[in-house]
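Here is the structure we will look at, set down as structure tokens.
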Amino acid sequence: MLDIKLIREHPEIIKKDLEKRCEPEKLEMLNQLIKIDKQWRQNLVEANELRHKRKLITTEVANLKKQGKDATKQIEEAKNIPQQIKRLESEVAEFREKADQLLMKLPNILHESVPFGKDEHDNVIERLVGKPPKFDFTPKSHVELASDLGMIDFERAAKVAGHGFYYLKGDLARLDYAVMTYTIDLLRSRGYTLVEPPLMMHRKPYLGVTDLEFFGDQLYKIENDDLYLIATSEHPMAASYMDEVILQKELPIKYVGVSPCFRKEVGAHGKYTKGLFRVHQFNKIEQFIFCHPDDSWKFHEELQKNSEDLYKGLGLHYRVVNVCTGDIGIIAAKKYDIEVWMADGTFREAGSNSNCTDYQARRLNIKYRKKAGQSPFGFVHTLNNTALATSRTLIAILEQYQQKDGSVVIPEVLSPLMGNLERLE
RNA sequence: GCGGGGUUCUCCUAGCCUGGUAGGGAGCAGGCCUGCUAAGUCUGUGGUCCGUAGGGCCACGCGGGUUCGAAUCCCGCACCCCGCGCCA
């Protein structure tokens, strides 16, 4: 959420930023918001004047009664005020609701280093790390490899839960755990606290962490309860400090969250949906930081380094892209994606590193104070970065480490975590 | 799931039965005092709106209702504690 005061006082800053996003309807929303906000304030002043009037009369009534005098005249006079207030208040609430809706849809202000572009084709490649493996045979996809090894079963999962689910079996399931352990160990050694969060959340905190589009397209709702299955552990971690004021000396708070993630993936038609790439449920290790506003750009690079060190440790070929203005979404001020190389020669997204600056914190109302006992000083900054999404990492491992005979070599760093197993075969 | 208790401003707490300006303490910030520190003392402390000064409104878990007036009475919901039940 943007600072409404900034919008009032310097709408030109927001306008200039919105123009970069290639979404003219957002500019229209801004203009509408400015108009509605003004109406809201006018109505609010009127409503407050009425409430003030009521207060004066009721105080008079109270005083008269205290003195044992008759207050019938004053009570009669006050009798028609409540309905006037009610009418005005409902107007105020209406304007406020409309303004909030628009405010929640307006995106974060972009960092200057975000490249201009229309969609994901305009993302800028920052660097390419490692080399693609050389095969003297026709490489298989991870679906073929894992199916042939008897370690994955999409058919039975479809029977039981529908498309987009899978059974991981045997050593491939062990590999999933090894990837998680490897990731958690590395991040713990760098000062991140391991968190197992709730896997369901109420609607209100959910609206704070992400944008409304998520509700239709991604989130599973629990019937008859105000609960949604989480799409990533970022969400419960971010929401954990909702409506709180954090003491500055406790910052930064660094978490490594581990959880299954649930996504409906509505509207994924035409996207790459093969095998494990786009599924309704997968395990993911997520990095999350609450920090002082001055430190977020430093930590954005730290998070990036952590992720890249993880991929380098696994010996995987990947590239980093700086996500462009048209593809970045509304929450982040800047975003790096890591894309891993797959056996069909394509790089596909495996993780995403966002500095949300104060945008998410403002939505969630997470502030900090300089010293105990002092008033809140400002909003914290939040950052989140995939450490490793196991399903997509498994794809990369299977496809990049495959052998001519259909077996798969286990990356050196994972082998000790699987009883020194060297191959899936 | 059932029954009881609870949620008050940054923190702790009074007020609720019996409706009438939300009181006290701590912390923090500032002023006074002081050679300095401490003590003492005074003022301030959240959100929001109008604005030059200054003032208004809101905030007692959340949302409704009753009333001239609600922290207080009524209804619904969330969360916490205690007990009972069910359960891996």
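Predicted model, so just to flag it, every value in this text is computed and none were measured. Residue numbers begin at 1 in each chain, while the letters A, B, ... track the order of the sequences.
- For A/Lys55 and B/C58, the shortest distance from a side-chain N or O to OP1 or OP2 is below 4.0 Å.
- No side-chain N or O of A/Thr210 forms a donor-acceptor pair with one of A/Glu234 less than 3.5 Å apart.
- Using a 3.5 Å distance cut-off with no hydrogens or angles, the side chains of A/Asn283 and A/Asp176 do pair a donor with an acceptor.
- Only the C1' atoms considered, B/U34 is 32 Å distant from B/C12, to the nearest whole Å.
- Nucleotide B/U21 is matched to nothing when pairs are restricted to Watson-Crick or G-U wobble geometry with both distances under 3.5 angstrom.
- The residue A/Val61 sits close to a base: some heavy atom pair falls under 4.0 Å.
- Side-chain nitrogen and oxygen atoms of A/Lys79 include at least one within less than 4.0 Å of the OP1 or OP2 phosphate oxygen of B/C68.
- Atom CZ of A/Phe377 has 12 or fewer heavy atoms from other residues, nucleotides or ligands within 6.0 Å.
- The base-pairing partner of B/C33, taking Watson-Crick or G-U wobble contacts with both distances under 3.5 Å, does not exist among the strands shown.
- Atom CD1 in A/Ile246 sits about 17 Å away from atom C1' in B/C11, given to the nearest Å.
- Remark: the separation of the P atoms in B/C84 and B/G76 is 26 Å, to the nearest Å.
- Set against B/G56, B/C58, B/G47, the side chain of A/Arg54 has B/C58 as its closest nucleotide.
- Of the candidates B/C79, B/G56, B/G46, the closest approach to any side-chain atom of A/His202 belongs to B/C79.
- Contact between the side-chain N/O atoms of A/Lys371 and the OP1/OP2 oxygens of B/G27 is not found at any separation under 4.0 Å.
- Nucleic acid contact class of A/Lys86 (heavy atoms, under 4.0 Å, all strands): sugar-phosphate only.
- Spacing of P atoms, B/U43 relative to B/A26, comes out at 14 Å, to the nearest Å.
- Residue A/Arg96 is out of contact with every strand shown, counting any heavy-atom pair closer than 4.0 Å.
- Looking at heavy-atom distances under 4.0 Å, A/Leu44 makes contact with sugar-phosphate atoms alone, never a base.
- In this structure, A/Arg41 reaches the B/C50 phosphate: one of its side-chain N or O atoms is under 4.0 Å from OP1 or OP2.
- Going from the P atom of B/A14 to that of B/C73 covers 16 Å, rounded to whole Å.
- For the pair A/Ile366 CD1 and B/U10 C1', the interatomic distance rounds to 17 Å; values are reported in whole Å.
- In this structure, B/C86 makes no Watson-Crick or G-U wobble pair, since no nucleotide meets both defining distances under 3.5 angstrom.
- When heavy atoms are screened at a 4.0 angstrom cut-off, A/Lys370 is found touching no nucleic acid atom at all.
- Atom CG of A/Leu247 and atom P of B/C28 are 12 Å apart (whole Å).
- Closest to the A/Pro82 side chain, of the nucleotides B/C49, B/G20, B/G69, is B/G69.
- In a base pair of the Watson-Crick type (N1 to N3 plus N6-O4 or O6-N4) or a G-U wobble (N1-O2 and O6-N3), with each distance short of 3.5 Å, B/A14 is matched with no nucleotide.
- Distance noted for atom P between B/U13 and B/G6: 13 Å (whole Å).
- Remark: the A/Asn123 side chain and the A/Asp327 side chain contain an N/O donor-acceptor pair separated by less than 3.5 Å.
- Nucleotides B/A78 and B/U21 have their P atoms positioned 34 Å apart, rounded to a whole Å.
- Straight-line distance from the CD atom of A/Glu46 to the P atom of B/C58: 16 Å, rounded to whole Å.
- A/Lys53 has no side-chain polar atom (N or O) that falls below the 4.0 Å cut-off from OP1 or OP2 of B/C68.
- Using the Watson-Crick or G-U wobble rule with both distances under 3.5 Å, B/G46 pairs with B/C58.
- B/C49 and B/G35 are spaced 48 Å apart, taking the C1' atom of each and rounding to whole Å.
- To the nearest whole angstrom, the two C1' atoms, one in B/G55 and one in B/C17, are 38 Å apart.
- Look at A/Arg51 and you won't find any side-chain N or O under 4.0 angstrom from OP1 or OP2 of B/G69.
- Listed pair A/His52 / B/C57 meets the phosphate criterion, a side-chain N or O lying under 4.0 Å from OP1 or OP2.
- Per the geometry, CD belonging to A/Gln248 stands 16 Å off C1' belonging to B/U10, to the nearest Å.
- Residue A/Asn353 forms a side-chain contact (heavy atoms from CB on, under 4.5 Å) with just one option from A/Lys335, A/Lys334, A/Gln304, and that option is A/Gln304.
- Residues A/Tyr228 and A/His235 have side chains that never bring a donor and an acceptor to within less than 3.5 angstrom of each other.
- Checked by atom type, the side-chain pair A/Lys284/A/Thr232 shows a donor-acceptor distance below 3.5 Å.
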